[in-house]
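Numbered from 1 within each chain, the chains take letters A, B, ... in sequence-line order.
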Protein chains: 2
Amino acid sequence: MRLTTKGRYAVTAMLDVAIHHSDKPVRIAEIAERQGISQSYLEQLFANLKKNGLVCGRRGPGGGYQLGRKSKLITVANVIDAVNEKVDATRCGGLKNCTRSAPCLTHDLWEDLSTEIRGFLERITLESLVRKKTLAGEQFIDYRRIALQKKKAEISSGSNLNGN
Amino acid sequence: MRLTTKGRYAVTAMLDVAIHHSDKPVRIAEIAERQGISQSYLEQLFANLKKNGLVCGRRGPGGGYQLGRKSKLITVANVIDAVNEKVDATRCGGLKNCTRSAPCLTHDLWEDLSTEIRGFLERITLESLVRKKTLAGEQFIDYRRIALQKKKAEISSGSNLNGN
DNA sequence: CCTATACCTGAGTATTTTAGTGTGTTATTA
DNA sequence: TAATAACACACTAAAATACTCAGGTATAGG
């Protein structure tokens, strides 16, 4: 799970589509102008987003992009994964470097942390982000409370990872 | 807040120092061997970590690095910031690109998300990560539960765990 | 049917970041 | 004083980022 400017571009673009949803699809040219991102670069990003089913494109005049599914079902993690694609993450595929004295203790720690971060970003949906702002009155609506409620349910079962 | 392999190296190295804490400082050569990272590269990372007061170095034989303050007071966000240093984050410093039609709505959304992620990583300390593993019996001790407990207090909605 | 539209594809490129090597210098301890 | 290990700086290869350019393809409207 990498969190770079590339991912930010993708999330920003997806938010733009989510916000300007109507009967008409959103054109890439619009997004490029509104967000100040190169059009061709956006096209590359959307190619990956489409490959992952996060958007669907409609060609020809009046065409553009629409969300591939409900914004409620699109997480920030989904978007970031779509544009980063293929992060082998571990560097040691279970066997390599980890033959040293301590059998990769800190590596496991990082893995756990990484899992936490991922889980966090999986709980944040486009919908929750958009809703937070469009209901301008309350400043923090918010999805943390919602995530917490969900967590409460999960926790009894005890989320854990395997050891190694 | 970028989350790259560089940050992972830094966190990994800091964890290594935190784990192998004793009267003697931890040598960079040790860390390099245990974690399979280039020694000179680690030296560069530690230069930044030191600049931010996260570690302090001791020269000469028997020297090495120690944590600059208690592991309880060192967050993952601290470490990542130290090695990434100077991420202007916004790209538009409040004035630039954002002169377009919508005054940077999605930008604000990303900012909020970014703040959330940062807050999340600020709640995870080296101590919590190390404790989780050294108490090897229970597999997930864990800081999520602790964070949740804290959250519950904030929200002031007492309820308890339910099955899943 | 034609044409403008807007998605789609792929190749190429400049800049930045990552990850590392290499050569020293300085402080400290034994 | 000699070994040690931090510290400092210059340099490099490879990768990722952030584009540009040059086309191709499906589609709606005239």
Please report the distance, rounded to the nearest Å, between [atom1] in [X] and [atom2] in [N].
X: A/L45; N: D/dT20; atom1: CG; atom2: P; value: 13 Å
X: A/K24; N: C/dT5; atom1: NZ; atom2: C1'; value: 13 Å
X: B/R27; N: C/dA27; atom1: CZ; atom2: P; value: 21 Å
X: A/E30; N: C/dT5; atom1: CD; atom2: C1'; value: 13 Å
X: A/I28; N: C/dT5; atom1: CD1; atom2: C1'; value: 13 Å
X: B/K6; N: C/dT17; atom1: NZ; atom2: C1'; value: 7 Å
X: A/I37; N: D/dA18; atom1: CD1; atom2: C1'; value: 11 Å
X: A/Q39; N: D/dA22; atom1: CD; atom2: P; value: 15 Å

Member of B/Q44, B/K51, B/K50 meeting the side chain to side chain contact (heavy atoms under 4.5 Å, CB included) criterion with B/N48: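 Per the side chain to side chain contact (heavy atoms under 4.5 Å, CB included) rule, the option paired with B/N48 is B/K51, out of B/Q44, B/K51, B/K50.
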B/I74: which of B/T125, B/L49, B/L67, B/V55 passes side chain to side chain contact (heavy atoms under 4.5 Å, CB included): B/L67
Carboxylate-amine/guanidinium contact A/D81 A/R2, below 4.0 Å: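 Judged by the 4.0 Å cut-off on N to carboxylate O distance, A/D81 and A/R2 do not form a salt bridge.
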Min side-chain heavy-atom separation A/R69-A/L54 under 4.5 Å: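 Touching, per the 4.5 Å side-chain cut-off.
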Does a nitrogen or oxygen in the side chain of [X] sit under 4.0 Å from OP1 or OP2 of [N]?
X: A/Y9; N: D/dC19; answer: yes
X: B/T5; N: C/dA19; answer: yes
X: B/S40; N: C/dG22; answer: no

Side-chain donor/acceptor of [X] to backbone N/O of [Y], under 3.5 Å:
X: A/T75; Y: A/N78; answer: yes
X: A/T115; Y: A/E111; answer: yes
X: B/S128; Y: B/I124; answer: no
X: B/H21; Y: B/A18; answer: yes

Side chain of [X] only, heavy atoms from C-beta on: which candidate in [options] is closest?
X: A/S38; options: C/dA4, C/dC7, D/dT20; value: D/dT20
X: B/Q44; options: C/dA19, C/dT21, D/dA18; value: C/dT21
X: A/Y41; options: D/dC7, C/dA19, D/dA18; value: D/dA18

First encountered from the 5' end of DNA chain D, between A/G7 and B/E43: B/E43
Stretch residues 47-60 of chain A: residues that reach within less than 4.0 Å of DNA chain C through a heavy atom: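 Result for residues 47-60 of chain A: A/K50, A/G57, A/R58, A/R59, A/G60, sorted by number.
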Touch class at under 4.0 angstrom, heavy-atom based, for B/Y65 against every strand present: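 The answer is sugar-phosphate, as B/Y65 gets under 4.0 Å only of primed atoms, P, OP1 or OP2.
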Axial bend angle, the helix from C/dC1-D/dG30 to C/dA30-D/dT1: five-pair end segments, nearest 10°: 20°
Interatomic distance, A/L121 atom CG to A/E116 atom CD [nearest 0.5 angstrom]: 11.5 Å
